[in-house]
Amino acid sequence: MAENKTEVKIHVKDLKKSFGKKVVLDGVTTDIYNGEVVCVIGPSGSGKTTFLRCLNKLEEATSGEIIVDNFRISDKKININKVRENIGMVFQHFNLFANMNVKRNIMLAPVDLKKETKEEAEKTAMELLKTVGLEDKAESYPSQLSGGQKQRVAIARALAMKPDIMLFDEPTSALDPEMVGEVLAVMKDLAKAGMTMVVVTHEMGFARDVADRVIFMDDGIIMEEGTPEEIFTNPQNERTQAFLNCVL
Amino acid sequence: MTQIIGTYGSLLISAMGQTLLLALCGLFFGCILGVIFGLASVVDNKVTRAISAVYVHIIRGVPMIVLAFFVFYGLPYGLRTILGIRYTFSPLQAGTICLAVNCGAYMSEIIRAGIQAIDPGQMEAARSLGLSYWRSMFRVVLPQAIKNMIPSIVNQFIITLKDTSILSVIGFPELVNKAQNVIAITFKSFETWAIVAVMYLIVILILQQVANALERRLSRGRK
């Protein structure tokens with residue numbers, strides 16, 4: 001996955017996004033490299049989630065350029081479905097398919113998009129469930145799982161498409177405190193395996209331990225970015241300092 | 001009462017057959033219209049949404065008896081005088097059109113509301129995996145929505161079944177129409193209408209039982 005750390009996986013240039021008159025992203029520019037783990041932090045309403053959702057076009061950018069995996073997804077004509085196959089996404093509220101059991105949740109996309117036969121997909125699903133420690137829940141329905149289990153299934157579901165990039169949108173924010181650890185552990189393993197990850201999070205400990213780079217966003221722009229040491233121990237921007245004083 | 005049942009029972013039962021035939025025709029095309037306009041009102045397209053909204057508003061705002069007169073008497077007259085086409089609808093055709101158009105509007109509202117009640121996160125999760133809009137709709141959103149819609153759909157079926165009685169005014173030989181004939185001969189309106197009422201009641205109770213069984217079956221295994 002991650003041999004070449006200098007290859008740009010996600011290129012974002014002057015990304016702007018408005019909802020009606022409200023400007024949410026006001027010119028975001030950054031490059032994310034192959035195998036890099038980037039944590040995006042910042043106060044609520046700062047545009048972190050919108051930024052993440054623009055990367056797989058769940059939100060359409062108002063202007064600017066986004067290139068993911070050499071696909072210019074800010075282009076209107078691009079077949080976004082094809083690009084999304086290579087970008088996994090994990091949501092704050094899990095969004096497991098309520099009408100399917102765990103195994104079918106994971107198998108749906110690979111089988112439906114003809115990436116794998118049913119047998120292959122089932123094998124993959126069971127392997128993935130094993131890596132997230134839930135092989136005994138294959139036949140359960142989402143409503144029978146705890147929040148932490150749901151989120152681990154959601155990660156497995158995203159990984160079933162064998163993506164190069166994983167986007168995490170506050171993956172632990174809706175969890176009870178005692179379940180945060182199990183989800184972060186899965187994400188840590190993923191980071192170690194060399195996955196390119198963009199993680200919007202309030203888990204400063206995770207950002208400090210796992211991130212290669214931390215981006216601090218506020219008011220729709222990147223206020224400051226750097227290694228975890230730079231951001232957490234020696235923040236330059238006063239907004240970053242104020243924010244970190246509140247949360248640390 | 002027994003005399004009416006003895007003499008006219010088979011006539012009334014075959015009239016109930018006509019009622020059911022008309023209801024089935026109306027429901028069949030009504031469901032098709034409902035699915036088309038229901039989906040048209042949720043997709044991200046202003047034009048189809050507007051068309052669907054106009055359709056629903058018109059049907060909701062016009063009493064079915066007016067619709068029946070319009071289709072049966074008005075339309076053929078209009079076709080002849082404006083377009084020069086000579087065409088008359090049979091009562092079954094006109095009745096089917098009325099019921100279908102009417103049922104379709106309400107059905108489209110049921111389908112729209114059912115789809116919109118599903119957490120948008122379900123669609124987003126499916127799309128984020130690379131599934132197209134329609135694949136996500138048919139694999140993930142609709143199966144969940146349909147389950148919630150079933151009680152409303154059954155309710156609409158029952159309403160449509162009862163609405164067939166309105167089409168007695170255009171001479172379709174359904175139960176109410178035939179009951180009026182029986183009364184014209186026997187003058188026994190109390191007994192006849194009581195029998196007719198019980199016949200509707202029995203059919204609708206059976207329909208309700210079938211629907212309940214179907215609902216139980218669909219919700220089995222899922223929570």
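Owing to the predicted nature of the structure, the values given are computational and were not obtained by experimental measurement. Residue numbers begin at 1 in each chain, while the letters A, B, ... track the order of the sequences. Below, each value reflects all heavy atoms present in this structure, side chains not excepted, and no hydrogens, waters or symmetry copies.
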Is the number of heavy atoms from other residues, nucleotides or ligands within 6.0 Å of CG (B:D44) greater than 12?
-> no

Taking all atoms of both residues into account, what is the closest heavy-atom pair of A:M100 and A:N105, and its distance?
-> O-ND2, 3.0 Å

Using a heavy-atom cutoff of under 4.5 Å, enumerate the residues of residues 126-133 of chain B that contact chain A, numbered in order, or state 'none'.
-> B:A126, B:R127, B:S128, B:L129, B:G130, B:L131, B:S132

Verdict with supporting geometry, A:F206 and A:V183, side chain to side chain contact (heavy atoms under 4.5 Å, CB included) = CA-CA 11 Å; A:F206 178 82; A:V183 172; over 6 Å; no

Would you please test B:S168 and B:Q180 for side-chain hydrogen bond (donor to acceptor under 3.5 Å, both in side chains) and show each step?
-> CA-CA 9 Å; B:S168 60; B:Q180 285 169 326; 4.6 Å; no

Interface residues of residues 96-121 of chain B facing chain A - non-hydrogen atoms under 4.5 Å apart = B:D119, B:G121

Side-chain contact test, heavy atoms from C-beta onward, threshold under 4.5 Å: evaluate it for A:I66 versus A:C54 and give yes or no.
-> yes

Steps toward side chain to side chain contact (heavy atoms under 4.5 Å, CB included) verdict (A:T131, A:D189) | CA-CA 9 Å; A:T131 54; A:D189 290 345; over 6 Å; no

Might you work through the side chain to side chain contact (heavy atoms under 4.5 Å, CB included) test for A:V200 and A:Q92, ending with a clear yes or no?
-> CA-CA 10 Å; A:V200 171; A:Q92 180 175 2; over 6 Å; no

Check: A:I78 and A:K57 side chains under 4.5 Å, non-hydrogen atoms | yes

Please determine, among A:M161, A:R84, A:K82, the option with the most heavy-atom pairs under 4.5 Å with chain B.
-> A:R84

Shortest non-hydrogen contact from A:T49 toward A:E170 = OG1-OE2, 3.9 Å

Would you check if A:L159 and A:M166 make a side-chain contact, meaning some heavy-atom pair closer than 4.5 Å?
-> yes

So which part of A:F91 gets closer than 4.5 Å to some heavy atom of chain B, the side chain, the backbone, both or neither?
-> side chain

With a 4.5 angstrom heavy-atom cut-off, which part of A:L167 approaches chain B: side chain, backbone, both or neither?
-> neither

Residues B:S136 and B:M123: closest non-hydrogen pair is CB-SD, 3.4 Å

Pick one of side chain, backbone, both or neither for B:R135, based on which atoms fall under 4.5 Å of a heavy atom in chain A.
-> side chain

Chain B contacts, top residue of A:L113, A:D112, A:V83 (heavy-atom pairs, under 4.5 Å) | A:D112

Which atoms of A:R53 come close to chain B, meaning under 4.5 Å heavy atom to heavy atom: side chain ones, backbone ones, both, or neither?
-> side chain

Residues, nucleotides or ligands: over 12 heavy atoms within 6.0 Å of B:R139 CZ = no

